[in-house]
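Step one of this worksheet: look at the structure below.
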Amino acid sequence: MNHRKVLRAAVTVAVAGALASGMTMAMTTGASAGTTLGASAAEKGRYFGAAVAVNKLSNSTYTTVLNREFNSVVAENEMKWASNEPQQGVFNHSSGDRLVSHAQANGMSVRGHTLLWHAQQPGWAQGMSGSALRNAMINHVTQVATHYRGKIHSWDVVNEAFADGGSGGRRDSNLQRTGNDWIEAAFRAADAADPGAKLCYNDYNTDGINAKSTGIYNMVRDFKSRGVPIDCVGFQSHLGTSLASDYQANLQRFADLGVDVQITELDVMTGGNQANIFGAVTRACMNVSRCTGITVWGVRDCDSWRGSDNALLFDCNGNKKAAYTNVLNALNAGPGIPTTPPTTTPPPTDPPPTTPPPTTGGCSASVSLNSWNGGFVASVKVTAGSAGTNGWNVSVTLPGGASVTNTWSATASGSSGTVRFANVDYNGRLTAGQVAEFGFQGTGSGAGMTPTCTAS
Ligand code: G2I
C-alpha cells in the first residue's frame with residue numbers, strides 16, 4: 001500500500017514550503033489540513049481515487065490534476081474482460097499495465113475493475129454457456145488476478161450481479177445461468193490467484209437500504225458465514241439530485257458484517273445540490289470506520305460517461321468546482337480510521353487442514369475444492385513441519401477423467417493421474433508451521449483428492 005508513502009511526501013512538501021516562506025514551524029498536535037484530495041484522505045488512513053481512461057494519460061491538463069489530487073486509480077474500461085481477453089486464452093494487458101506503471105511511479109494504489117460483469121464481455125464469451133462458460137470465466141479470473149498479483153489494492157471481482165427493482169434477487173445473465181454459485185466460485189478463484197488483494201462485490205442503486213442492497217447484504221452475510229473470501233463491498237454511487245437519507249446507515253450495516261466498504265464510482269448530477277451531495281457522501285464515508293476510500297468516476301466533467309451532467313469535481317479546464325471544496329473540507333474534518341492495536345494473539349486462521357501438520361520435519365498439505373459441473377478449482381495449503389522447508393513437493397492423484405488445465409504459485413508435472421506440484425522461487429522456504437498456498441484448475445471432477453507433501 002502506498003498511502004503512507006504519499007502521506008510522507010505530502011508532509012515533506014508542507015514542511016519545505018513553510019521553511020521556504022520564512023514561517024516559523026509551530027509543531028502543534030492539531031490535525032494539519034491537507035490541501036489535496038489524496039493527501040487529505042491519506043491523513044485519515046484512506047485513499048481518494050479517480051477512474052482513468054488510459055489514453056488520456058498523454059493529456060497534460062488531465063495528468064496534472066490526476067497526479068496532484070489523487071492517490072488511487074482504477075481503469076475506466078481497460079481491465080474489463082472484452083479489453084484484456086479479446087480472444088479466448090489470448091490476453092492483452094498492455095493498457096492495464098500502463099495504468100499500473102503510472103500509479104506506481106506516482107505513489108498511487110490501484111483498484112482493479114472488473115474481473116466479471118454481464119456487460120463488456122468479449123464476443124466469444126457472450127456466445128458461451130454452461131460448463132464451457134464456467135471454465136472460461138474461472139480461467140479469466142485466475143489469469144488476470146495472477147497477472148496483477150501483488151499490484152492491486154482491491155479487485156471488483158464481480159460487478160452488478162443483482163437485479164434492479166424490488167426482487168432483491170440476481171440479475172439474469174449468461175454468468176448467472178451457469179449456476180447461482182458463480183459469484184462464490186469467482187471469489188475463491190481470485191483469492192487463490194492474489195491472496196493479498198481485497199476482494200470486493202460492486203454494484204449501483206445501492207445508495208440506501210432498499211431491496212437491491214438488502215439482496216446483496218444477504219449474500220455477503222451468507223459468504224461471511226460460510227468462509228467465502230469476500231473483503232469489501234463497493235457502492236458505485238452514480239447519484240442524481242438527492243441523496244438517500246440512510247446512505248451512511250446502509251454503509252454501516254455492511255461494515256458491521258465484517259467487510260470494508262468503498263465508494264467506487266462516485267459522480268453526481270449537476271445542479272444546486274451537487275456540491276452538497278458530494279460533501280454528504282464524503283462525510284458518510286468518513287463516519288464509517290470501515291469505509292476505506294472513495295473513487296470518483298473520472299477526473300474532469302468532460303471526461304465523464306455522463307456527458308452533459310457535469311458530474312465530477314473539476315471542470316474541463318481542470319479548475320476545482322464547489323463540489324471539490326466540499327469534499328476536501330469533509331476529508332479534513334472527518335475522523336481517521338482507528339489504527340488497529342498490536343495483537344498479541346494471532347489472527348483467526350482458516351478452517352483447519354484435513355491433514356494435521358506433522359509434529360516433526362516434513363510438511364503436510366490440505367486441499368479445499370470449489371467444484372461445478374465439469375470443472376473445479378483446488379486451493380492447496382502446504383504447512384511446514386518443525387524443521388521448516390527449503391522446498392516442497394505435493395503429489396495429488398486425480399480421479400479418472402480429470403485433468404489439470406492451469407496452475408498458479410507452483411509448477412506442475414503431469415496433468416492427469418498422479419500430478420506433482422513443486423514450489424516456485426518465492427514460496428519454497430518456509431519456517432516451522434508456516435503456510436504456503438498454491439492452486440490449480442481442472443476439468444472433470446476433483447472430488448476425493450488427498451495430497452501428500454514431501455519437504456526438502
Ligand atoms: O456505466 C457507468 C459505469 C457503471 N458501473 C460499471 C462501470 O464499468 C461503468 O463504466 C462505464 C464507462 O464509464 C464507459 O466508458 O462503462 C461503460 C460500458 O458499459 C463505458 O462505455 C463504453 C462504451 O459503451 C463503448 O462504446 C466504448 O467503446 O466505453 C467504451 C470505451 O470508451
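Numbers here are sequence positions counted from 1. In listed order, ligands and their atoms are each counted from 1.
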Show the nearest heavy-atom pair for residues N77 and Q120, with the distance to one decimal.
OD1-NE2, 3.1 Å
Tell me whether the centres of the aromatic rings in [X] and [Y] are closer together than 6.0 Å.
X: H113; Y: W155; answer: no
X: F91; Y: H147; answer: no
X: F235; Y: Y247; answer: no

For a quick check: using heavy atoms under 4.0 Å, what are the residues in contact with ligand 1, sorted by chain and number?
E76, N77, K80, H113, W117, Q120, N159, E160, Q236, H238, E265, W297, W305
Output every pair passing side chain to side chain donor-acceptor pair (under 3.5 Å) with a member in residues 48-66, not counting sequence neighbours, ordered by first then second residue.
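Qualifying pairs, neighbours excluded: K56-D303.
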F421 and F440 aromatic ring geometry - parallel, tilted or perpendicular at 30°/60° bounds:
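Rings of F440 and F421: parallel, as their planes differ by under 30°.
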